[in-house]
Amino acid sequence: MATRPHNSCTVGSSPICSSPTSARPTAAMREAMARAEVGDEQIGDDPTVHELCGRVATLLGKEAAVLMPSGTMCNVAATLVHCRPGDEILAHETAHIISREGGAHAALGGFQVTQLKGPDGQFTPETFRAALHPRSRYQPPQTVVSVEQTANIGGGTIWKKAALDEIVAIAKANGMATHMDGARLLNATVATGIPAAEMTAGWDSAWIDFSKGLGAPIGGVLAGSAAFIDEVWRWKQRLGGAMRQAGVIAAACIHALDHHVDRLAEDHANARALARGLAQIQGIEVQEPETNLVFFRPDGAGVSGDRMVSDLRRRGVLLAMMDGRIRACTHLDVSAAMIEETIGHVREIVRGA
């Protein structure tokens, strides 16, 4: 059975995979990119970039925003502005800034990240409060608290608005900045019906990723106060993130805002269908999805996770082991029929074990 090259994940002709970054630009998105009005983004002369940043700033309820090549750069630039060398960041132990960004926060900023525990990729306000220490010259300044919405390794779980508000209140009472890694923020807003600006209220910095469920080929947009974004721009320049005719990228992101946000609900429905089907296979343990990520363990069915991933790859289904479990992801290239086909493959693998 033929498969598409590198990132693509196919079941026959169907992409089911471990990451939403495998979603490809639609024909309409490509057309929008081709028509984009462009200028030199690095000197502030790209009208399409300006339009995108203005829209994201409004969407997130912030004063200003900046287009970045990646979500990692959004996180790194934000912490480089919020912190000074030797400062301490508090985040969940499975947070992307700890486990998926190559140690950039330590390497580039000299920051240490205190890992907070909690189920499903989230820590409670009480856990956050308990991790705070009195300010003294003997301990690092606790400068930033960071949350990841949705929590990736936690299973795509959604931070409750009440918990987010309480964490903000605790942080502000202790003189700390707040940062939201919003890689899947719009999945959370679609699933809950809570507007993005309400979800990010009180958070000094927040961003959304366009190269995941929104289906753009590249880009994240980081938002905050005008003064904060001014400083982010300095780090964007230093990190090599300033671009030229970036309107081509921005046009894809604008198209995603116009056409790919509401449809995230389809991804969530497909994830629930996948979870239901897998749970009906004896011995497979499945975490009930809240958004578009499905984590499961096949060990109870007599198949190790590594073997399941390997066997599925031979059938063209590219899943991956993550934190000791298999992660599957639904996105705009995945249909309900593909979900059923994937469940059938898993059932056959278990039957042959």
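Each residue takes its place number in the sequence, starting with 1.
Qualifying side-chain contact (heavy atoms from CB on, under 4.5 Å) partners for Ala273, counting only residues two or more places apart in sequence or in other chains: Arg276, Ile339. Scanning for side-chain contact (heavy atoms from CB on, under 4.5 Å) contacts around Ser99 gives an empty result, with sequence neighbours left out. Taking the side-chain contact (heavy atoms from CB on, under 4.5 Å) definition, one finds that Thr124 meets it with Glu126, Thr127, sequence neighbours left out. Remark: His105 pairs with no residue by the ring pair (Phe, Tyr, Trp, His ring centres under 6.0 Å) rule, at least two apart or across chains. Remark: Glu340 pairs with no residue by the side chain to side chain donor-acceptor pair (under 3.5 Å) rule, at least two apart or across chains. Listed by chain and number, the residues in a side chain to side chain donor-acceptor pair (under 3.5 Å) with Asp165 are Lys161 (sequence neighbours excluded). Looking at residues two or more places apart in sequence or on another chain, you find no side chain to side chain donor-acceptor pair (under 3.5 Å) involving Arg297. With sequence neighbours left out, the side chain to side chain donor-acceptor pair (under 3.5 Å) criterion links Thr150 to Arg184.
In this structure, CD1 on Ile89 lies 8.5 Å from NE2 on His179, to the nearest 0.5 angstrom. The NE2 atom of His331 lies 12.5 Å from the NZ atom of Lys212; values are rounded to the nearest 0.5 Å. Rounding to the nearest 0.5 Å gives a distance of 5.5 Å between CG of Leu60 and CD1 of Ile208. A distance of 5.0 Å separates CG of Leu116 from CG of Leu90, quoted to the nearest 0.5 Å. Taking CZ from Arg351 and CD from Glu348, the interatomic distance works out to 6.5 Å, rounded to the nearest 0.5 Å. Atoms CD and CG, on Glu288 and Asp120 in that order, are 12.0 Å from each other to the nearest 0.5 Å.
No side-chain heavy atom of Glu51 sits under 4.5 Å from any side-chain heavy atom of Pro47. With a 4.5 Å cut-off on side-chain heavy atoms, Pro298 and Val346 do not count as touching. With a 4.5 Å cut-off on side-chain heavy atoms, Trp203 and Ile167 count as touching. Phe296 places none of its side-chain heavy atoms less than 4.5 Å from the side chain of Ile281. Taking 4.5 Å as the limit, some side-chain heavy atom of His133 sits within range of a side-chain heavy atom of Glu88.
Looking at Arg327, its side chain never comes within 3.5 Å of a backbone N or O of Met321 through a donor-acceptor pair. Side chain of Asp46 to backbone of Val38: no donor-acceptor contact under 3.5 angstrom is found. At distances below 3.5 Å, not a single donor-acceptor pair connects side-chain atoms of Thr189 with backbone N or O atoms of Ala196. Not a single donor-acceptor pair under 3.5 Å links the side chain of Glu285 to the backbone N or O of Gly300. Proximity of a side-chain donor or acceptor of Arg135 to a complementary backbone N or O of Asn174 within less than 3.5 Å is detected.
Listed here is the closest heavy atom pair of Ser70 and Met73: OG-N, 3.1 Å. Among all heavy-atom pairs drawn from Pro289 and Ala271, the shortest one is CG-O, 3.6 Å. Minimum heavy-atom separation, Ala188 to Ile158: CB-CG2, 3.9 Å. Here the closest non-hydrogen pair linking Ala171 and Val145 is CB-CG1, 3.9 Å. Residues Met180 and Met199 approach most closely at CE-O, 3.5 Å, considering heavy atoms. Looking at every heavy atom in both residues, Arg307 comes nearest to Gly352 through NH2-O, 4.1 Å.
Among Leu186, Thr330, Asn292, Thr291, the one residue that satisfies the side chain to side chain contact (heavy atoms under 4.5 Å, CB included) test with Leu264 is Leu186. A side chain to side chain contact (heavy atoms under 4.5 Å, CB included) with Met29 is found for exactly one of His260, His259, Arg24, namely His260.
The 12-atom threshold is not exceeded at NZ of Lys117, counting heavy atoms of other residues, nucleotides or ligands nearer than 6.0 Å. Arg30 CZ: 12 or fewer foreign heavy atoms inside a 6.0 Å radius. Within a 6.0 Å sphere centred on CD of Gln282, heavy atoms belonging to other residues, nucleotides or ligands number 12 at most.
Membership of an apolar cluster is not assigned to Leu332, as no side-chain contact below 4.5 Å to another ILVMFWY residue is traced. Apart from Ile43 itself, the hydrophobic cluster it occupies contains nothing, where clustering links Ile, Leu, Val, Met, Phe, Trp and Tyr at side-chain heavy-atom distances under 4.5 Å.
Under the 30°/60° scheme for interplanar angles, the aromatic rings of His92 and Phe123 are found to lie parallel.
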Show me, pair by pair, the donor-acceptor contacts under 3.5 angstrom made by side chains of residues 244-254, not counting sequence neighbours?
from	atom 1	to	atom 2	distance (Å)
Arg244	NH1	Asp40	OD1	3.3
Arg244	NH1	Asp40	OD2	3.0

Using a 3.5 Å cut-off and no angle test, enumerate the donor-acceptor pairs between side-chain atoms of residues 227-239 and protein atoms at least two apart in sequence or in another chain.
from	atom 1	to	atom 2	distance (Å)
Lys236	NZ	Glu41	OE2	2.3
Lys236	NZ	Leu67	O	2.5
Gln237	NE2	Gln42	OE1	3.2

### Task
I would like to know whether Glu148 and His96 meet side-chain hydrogen bond (donor to acceptor under 3.5 Å, both in side chains); could you show each step before the answer?
CA-CA 8 Å; Glu148 187 177 308; His96 205 282; 5.7 Å; no
